[in-house]
Amino acid sequence: MKKLILLTSMFTALFQFKSQAQDKQLSPLLTDYYNIKDALVSGNTASAATAATTFVQAAKGADMKAMSPAAHTAYMALQEKLITDASNISGSKDLAKQREYFKTLSDNIYLLAKDVKLSAQPVYQDYCPMKKASWLSSSTAIKNPYYGNQMLTCGKINDTIK
């Protein structure tokens, strides 16, 4: 009986360690997402396109063999959507279109963040009632990527992922 408990404890510790390592596979996506958001907040289309290109490269380069089964399943369901959303942003020089594509990118990265721990820090889902759209942030300060300087602080925190 002691051997069974010891074996179960070791398996649980190994699984938890592996899960943390797998989070690091996908955490660059959140950093790249934040860079896209920040570029859209400032209305910089070139920076948004560059950050989106980096996001696409990270999404394509994520090693699914190194992920936990749960992270693998969550990422498999969203990978193509995330790549398509970010590719649309990187392929556009029109700020309004980039912000429109950012809506679905935000929805999809939120789904991933709910299933996979992407950051050791809290991740905030902010919501703009004017645009009826959400985005993720690393800060409690509202900086609206959909309106930029026009309505920089329009929004509220809708969810906190810890």
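Along the sequence shown, residues are numbered consecutively beginning with 1.
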Novice: Determine whether I161 and K114 satisfy the following criterion, side-chain contact (heavy atoms from CB on, under 4.5 Å), listing intermediate values before the conclusion.
Specialist: CA-CA 7 Å; I161 303 168; K114 290 290 280 183; 3.8 Å; yes
Novice: Nearest 0.5 Å, what's the OG1-CD1 distance between T84 and I89?
Specialist: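 One finds 11.5 Å between OG1 of T84 and CD1 of I89.
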Novice: Mark yes or no for whether S42, through its side chain, and A39, through its backbone, hold a donor-acceptor pair below 3.5 Å.
Specialist: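 Yes, S42 side chain to A39 backbone: donor-acceptor pair under 3.5 Å.
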Novice: For the CE atom on M76, are there more than 12 heavy atoms of other groups (residues, nucleotides or ligands in this structure) within a distance under 6.0 Å?
Specialist: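 No, the 6.0 Å shell around CE holds no more than 12 heavy atoms from other groups.
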Novice: Mind checking the OH-OG spacing from Y124 to S139? Nearest 0.5 Å is all I need.
Specialist: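 Reported value, rounded in 0.5 Å steps: 7.5 Å.
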Novice: Identify the heavy atoms of M64 and Q79 that sit nearest to each other, and give their distance.
Specialist: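 Looking at all heavy atoms of both residues, the shortest contact is CE-OE1, 3.1 Å.
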Novice: Find the distance between CG (N44) and OG1 (T50) and round it off to the nearest 0.5 Å.
Specialist: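 Atom-to-atom, N44:CG and T50:OG1 are 8.0 Å apart.
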Novice: What's the verdict on side-chain contact (heavy atoms from CB on, under 4.5 Å) for L26 and Y75, showing C-alpha distance, side-chain angles and the deciding distance?
Specialist: CA-CA 9 Å; L26 296 173; Y75 187 60; 3.6 Å; yes
Novice: Taking atom types as modelled, is there a side-chain donor on Y127 or D159 under 3.5 Å from an acceptor on the other?
Specialist: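 Side-chain D/A pair, Y127 to D159: absent.
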Novice: If you count every heavy atom of other residues, nucleotides or ligands that lies below 6.0 Å from M130 atom CE, does the total exceed 12?
Specialist: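 No, the 6.0 Å shell around CE holds no more than 12 heavy atoms from other groups.
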Novice: Show your reasoning for whether side chain to side chain donor-acceptor pair (under 3.5 Å) applies to D85 and T104.
Specialist: CA-CA 7 Å; D85 296 335; T104 54; 2.9 Å; yes
Novice: So, taking the atom named NZ in K117 and the one named CG in L30, what distance separates them when rounded to the nearest 0.5 Å?
Specialist: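 Going from the NZ atom of K117 to the CG atom of L30 covers 11.0 Å.
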Novice: Is the shortest side-chain N to carboxylate O distance from K143 to D38 below 4.0 Å?
Specialist: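 Not counted as a salt bridge, because no side-chain N and carboxylate O are separated by less than 4.0 Å.
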Novice: Minimum heavy-atom separation for G43 and L95, please, with both atom names.
Specialist: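 Heavy atoms of G43 and L95 come nearest at CA-CD2, 3.9 Å.
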Novice: With a 3.5 Å distance limit and no angle check, can you tell me whether Q25 reaches the backbone of A62 through a side-chain donor-acceptor pair?
Specialist: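 Not a single qualifying donor-acceptor pair exists.
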Novice: Please report the closest heavy-atom contact between A74 and D115, naming both atoms and the distance.
Specialist: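 Where A74 meets D115 most closely, the heavy atoms are CB-CB, 3.7 Å.
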Novice: Do F55 and P28 make a side-chain contact, defined as non-hydrogen atoms from C-beta onward lying under 4.5 Å apart?
Specialist: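 Answer no - side chains too far apart.
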Novice: Hey, are the side chains of I142 and I157 touching, using non-hydrogen atoms and a 4.5 Å cut-off?
Specialist: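 Yes, close enough: below the 4.5 Å cut-off.
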Novice: Would you say that L118 contacts L29 through its side chain, given a criterion of any heavy-atom pair below 4.5 Å between the two side chains?
Specialist: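 Heavy-atom side-chain distance check fails, nothing below 4.5 Å.
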Novice: Is there side-chain contact between T153 and Y147, with heavy atoms separated by less than 4.5 Å?
Specialist: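 No. Closest side-chain heavy atoms not under 4.5 Å.
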Novice: Taking side-chain hydrogen bond (donor to acceptor under 3.5 Å, both in side chains) as the cut-off, I'd like each qualifying pair that reaches into residues 87-99, sequence neighbours left out, listed once.
Specialist: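 Every pair satisfying side-chain hydrogen bond (donor to acceptor under 3.5 Å, both in side chains) with a residue in residues 87-99: there are none.
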Novice: Go through N108 and L111 one step at a time and tell me if the side-chain contact (heavy atoms from CB on, under 4.5 Å) criterion holds.
Specialist: CA-CA 5 Å; N108 289 321; L111 293 174; 4.1 Å; yes
Novice: Rounded to the nearest 0.5 Å, how far apart are SG of C128 and CE of M151?
Specialist: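 Separation between the atoms: 5.5 Å.
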Novice: Looking at K131 and E100, is any side-chain nitrogen of the basic one under 4.0 Å from a carboxylate oxygen of the acidic one?
Specialist: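 Salt bridge present between E100 and K131.
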Novice: Checking K162 against T160 for the side-chain contact (heavy atoms from CB on, under 4.5 Å) test, could you report, in this order, the C-alpha distance in whole Å, the side-chain angles of both residues, the deciding distance, and whether it holds?
Specialist: CA-CA 6 Å; K162 294 182 180 176; T160 302; 4.0 Å; yes
Novice: Pick out which of N144, I36, L152 makes a side chain to side chain contact (heavy atoms under 4.5 Å, CB included) with V41.
Specialist: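 It is L152; the other options fail the test.
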Novice: Do D126 and N158 get their side chains close enough for a donor-acceptor pair, meaning under 3.5 Å?
Specialist: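 Side chains of D126 and N158: no pair found under 3.5 Å.
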Novice: So how far is it from K37 NZ to S106 OG, rounded to the nearest 0.5 Å?
Specialist: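 It is 9.5 Å, given to the nearest 0.5 Å.
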Novice: Taking it one step at a time, do Y146 and F102 satisfy ring pair (Phe, Tyr, Trp, His ring centres under 6.0 Å)?
Specialist: CA-CA 8 Å; Y146 298 108; F102 187 69; 5.7 Å; yes
Novice: Measure the shortest side-chain to side-chain distance between S138 and P122 over non-hydrogen atoms and say whether it is less than 4.5 angstrom.
Specialist: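 A side-chain contact under 4.5 Å is absent here.
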Novice: Is a side-chain N or O of Y33 found less than 3.5 angstrom from the main chain of L136, in a donor-acceptor match?
Specialist: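 Side chain of Y33 to backbone of L136: a pair is present.
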Novice: Starting from V56, can I reach L82 by hopping between I/L/V/M/F/W/Y residues whose side chains sit under 4.5 Å apart?
Specialist: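 No.
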